[in-house]
K.L.:
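The following block contains the structure, expressed as structure tokens.
Since the structure is predicted, the reported quantities are computational estimates derived from the model, not experimental observations.
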Amino acid sequence: MKSRKIILLFFTFFGILLISCSTTKKNGYSVQKGVWNSNYTYVFVHGLSGWGHYDFRNRFFPYWGMKNGSLMKQLRREGFNAYDASVAPQGSAWDRACELYAQLTGSITDYGKEHSERCGHKRFGRDFSKEPLLPEWNQKHKINLLGHSFGGVTVRLLTHLMANGSEAERAVTEKEDLSPLFAGGHGDWIYSVTSLAAPHNGTSAYHVPDENPKPKSNMQKLMDKTNAPKKDGRADYDYADFDMYIQNAKK
């Protein structure tokens, strides 16, 4: 049990350390101008229980940078177009990918006809048509995707859907009613994908064995709350905690 606690804490704090280190010159770091730069926009996607551009807390406690200041602002000062998305903190990789697509395109979030009916929630979500994350996104104006932790899984799935779409959604949705995300054929809109400490194959560190320690650590309390039965009516497999299981991640 002690070794598992150590692994879990290392996994968590290593991820936090990565995103807390802003590239500020006062810490001795600076961008090497003239070295490789795609000149395409950079989009950062947070991990489990994270936040971003559309969340109020990001104004005074940015997920990317945290105590060292906003990494987005620093990158912009250095000449990079950088944006931080806001997707469902506990949502499944599928739901998060759909939300990310809507933010990037400035459209209504469409979770898909097949997915929403199977998972027991509304098909359409937040409308970003009046507040898109990017000024433009298409084959000419590509993006670099960067995801931390479960954000890495999110950007990987978005990339897959952009390239291949969803056969399940195409099978039950009229062509004129189908989201371009599920149609596929747009893989060339994405220039690169980078992930930091992402559980692409799932993780055993996410699941803390319940041996009733007294008292429970703050991390165990957080995991208990995250894994608690959901009350919003949607399927249990439409959440991040389900995707985190190794056997589920493989599927």
K.L.:
When you measure from the side chain of Tyr111 to the backbone N and O of Glu117, does any donor-acceptor pair fall under 3.5 Å?
P.N.:
no

K.L.:
What distance do Leu134 atom CG and Leu104 atom CG have between them, rounded to the nearest 0.5 Å?
P.N.:
5.0 Å

K.L.:
More than 12 non-hydrogen atoms from neighbouring residues, nucleotides or ligands closer than 6.0 Å to CD on Glu174, yes or no?
P.N.:
no

K.L.:
Please answer whether the main-chain N or O of Met162 pairs with a side-chain N or O of Trp189 as donor and acceptor at a distance below 3.5 Å.
P.N.:
no

K.L.:
For the side chain of Arg76 and the backbone of Ala82, is there at least one donor-acceptor N/O pair under 3.5 Å apart?
P.N.:
yes

K.L.:
With sequence neighbours left out, what residues match Phe61 under ring pair (Phe, Tyr, Trp, His ring centres under 6.0 Å)?
P.N.:
Trp51

K.L.:
We want to know whether Gln74 and Glu78 form a side-chain donor-acceptor pair, criterion being a heavy-atom distance below 3.5 angstrom.
P.N.:
yes

K.L.:
Looking at every heavy atom in both Ala93 and Val153, which two are closest together, and how far apart are they?
P.N.:
CB-CG1, 3.9 Å

K.L.:
Using side-chain contact (heavy atoms from CB on, under 4.5 Å), reason through Phe44 and Leu146 one step at a time and then give a plain yes or no.
P.N.:
CA-CA 5 Å; Phe44 292 72; Leu146 299 96; 4.1 Å; yes

K.L.:
Please examine the side chains of Leu157 and Trp94, heavy atoms only from C-beta on, and report whether any two atoms are closer than 4.5 Å.
P.N.:
yes

K.L.:
If we ignore hydrogens and angles and just use 3.5 Å, is the side chain of Thr154 paired with the main-chain N or O of Phe150 as donor and acceptor?
P.N.:
yes

K.L.:
If only side-chain N and O atoms count, and only distance matters, is there a donor-acceptor pair under 3.5 Å linking His186 with Asn138?
P.N.:
no

K.L.:
For the pair His148 (side chain) and Ala197 (backbone), establish whether a donor and an acceptor sit closer than 3.5 Å, ignoring hydrogens and angles.
P.N.:
no

K.L.:
Closest approach of Leu161 and Ser166, non-hydrogen atoms and distance?
P.N.:
CD2-CB, 4.3 Å

K.L.:
Quick one: does Val87's side chain get under 4.5 Å of His46's, heavy atoms only?
P.N.:
yes

K.L.:
Using 0.5 Å steps for rounding, measure from the OG1 atom of Thr203 to the CE atom of Met244.
P.N.:
7.5 Å

K.L.:
So, Glu169 side chain and Lys113 main chain: donor-acceptor pair closer than 3.5 Å or not?
P.N.:
yes

K.L.:
Can you give me the closest heavy-atom contact between Gly152 and Ala198, atom names plus distance?
P.N.:
CA-CB, 3.8 Å

K.L.:
Might you point out which heavy atoms bring Pro132 and Gly106 nearest each other, and give the distance in Å?
P.N.:
CB-CA, 3.6 Å

K.L.:
Give a yes-or-no answer on whether the side chains of His141 and Thr41 include a donor-acceptor pair shorter than 3.5 Å.
P.N.:
no

K.L.:
Ring of Tyr63, cation from Arg57 - is the NZ or CZ under 6.0 Å from the centre and inside 45° of the axis?
P.N.:
no

K.L.:
Which is it for Asp95 and Asp238 under the side-chain contact (heavy atoms from CB on, under 4.5 Å) test, yes or no, and what are the steps along the way?
P.N.:
CA-CA 8 Å; Asp95 285 359; Asp238 196 28; 3.0 Å; yes

K.L.:
If you define the side chain from C-beta out and look only at heavy atoms, does anything of Val155 sit under 4.5 Å from Leu100?
P.N.:
yes

K.L.:
Taking C-beta and beyond as the side chain, do Ser195 and His200 meet within less than 4.5 Å on heavy atoms?
P.N.:
yes

K.L.:
Apply the test side-chain hydrogen bond (donor to acceptor under 3.5 Å, both in side chains) to residues Thr173 and Glu114: give CA-CA distance (whole Å), side-chain angles for both, the deciding distance (0.1 Å), then the verdict.
P.N.:
CA-CA 8 Å; Thr173 313; Glu114 188 279 334; over 6 Å; no

K.L.:
Using atom types as modelled and distance alone, determine if a side-chain donor or acceptor of Ser179 lies under 3.5 Å from a backbone N or O of Leu181.
P.N.:
yes

K.L.:
What are the two closest heavy atoms between Phe60 and Pro62, and how far apart are they?
P.N.:
C-CD, 3.8 Å

K.L.:
So how far is it from Ser149 OG to Leu196 CG, rounded to the nearest 0.5 Å?
P.N.:
9.5 Å

K.L.:
Roughly how far apart are Phe80 CZ and Leu71 CG, rounded to 0.5 Å?
P.N.:
10.5 Å

K.L.:
Run the numbers on Lys73 and Asp84 for salt bridge (Lys or Arg N to Asp or Glu O under 4.0 Å), then give the verdict.
P.N.:
CA-CA 10 Å; Lys73 292 181 179 180; Asp84 47 345; over 6 Å; no

K.L.:
Any non-hydrogen side-chain atom of Ser192 less than 4.5 Å from a side-chain atom of Tyr42?
P.N.:
no

K.L.:
What I want to find out is whether Arg96 reaches Asp243 closely enough, with some N-O distance under 4.0 Å, to be called a salt bridge.
P.N.:
no

K.L.:
So, for Val45 and Ala85, which heavy atoms are closest and what is the spacing to 0.1 Å?
P.N.:
CG2-CB, 4.4 Å

K.L.:
Hey, could you give me the OH/CG distance between Tyr101 and Leu133, rounded to the nearest 0.5 Å?
P.N.:
14.0 Å

K.L.:
Consider only side-chain heavy atoms of I, L, V, M, F, W and Y, link residues closer than 4.5 Å, and tell whether Ile143 and Tyr191 are in one cluster.
P.N.:
no

K.L.:
Using salt bridge (Lys or Arg N to Asp or Glu O under 4.0 Å), reason through Asp188 and Lys142 one step at a time and then give a plain yes or no.
P.N.:
CA-CA 7 Å; Asp188 55 356; Lys142 306 178 192 291; 5.2 Å; no

K.L.:
Could you work out, with side-chain hydrogen bond (donor to acceptor under 3.5 Å, both in side chains) as the rule, every residue matching Ser116, not counting sequence neighbours?
P.N.:
none

K.L.:
State plainly whether the residues Lys122 and Asp110 are in salt-bridge range, i.e. N to O under 4.0 Å.
P.N.:
no

K.L.:
Between Asn248 (side chain only) and Phe242 (backbone N and O only), is there a donor and an acceptor less than 3.5 Å apart?
P.N.:
yes

K.L.:
Take Leu145 and Ile190, measure what side-chain contact (heavy atoms from CB on, under 4.5 Å) needs, and give me the verdict at the end.
P.N.:
CA-CA 7 Å; Leu145 288 168; Ile190 298 172; 3.8 Å; yes

K.L.:
Should Val43 and Tyr54 be regarded as members of a common hydrophobic cluster, given that ILVMFWY residues are connected when their side-chain heavy atoms come within less than 4.5 Å of each other, either directly or indirectly?
P.N.:
yes

K.L.:
Are Thr105 and Trp137 packed together at the side-chain level, in the sense that at least one heavy-atom pair is separated by less than 4.5 angstrom?
P.N.:
yes

K.L.:
Does any donor atom in the side chain of Tyr83 or Gln103 lie under 3.5 Å from an acceptor atom in the other side chain?
P.N.:
no

K.L.:
Atom CG in Asp241, atom OG in Ser92: separation rounded to 0.5 Å?
P.N.:
10.0 Å

K.L.:
Is there a donor-acceptor pair under 3.5 Å between the side chain of Ser86 and the backbone N or O of His53?
P.N.:
yes

K.L.:
Is there a side-chain contact between Ser49 and Gln90 in this structure, where contact means two heavy atoms from C-beta onward sitting under 4.5 Å apart?
P.N.:
yes

K.L.:
With side-chain contact (heavy atoms from CB on, under 4.5 Å) as the criterion, how do Arg170 and Lys175 come out once you've worked through the C-alpha distance, each side chain's angles and the decisive distance to 0.1 Å?
P.N.:
CA-CA 7 Å; Arg170 291 193 293 267; Lys175 188 175 181 180; over 6 Å; no

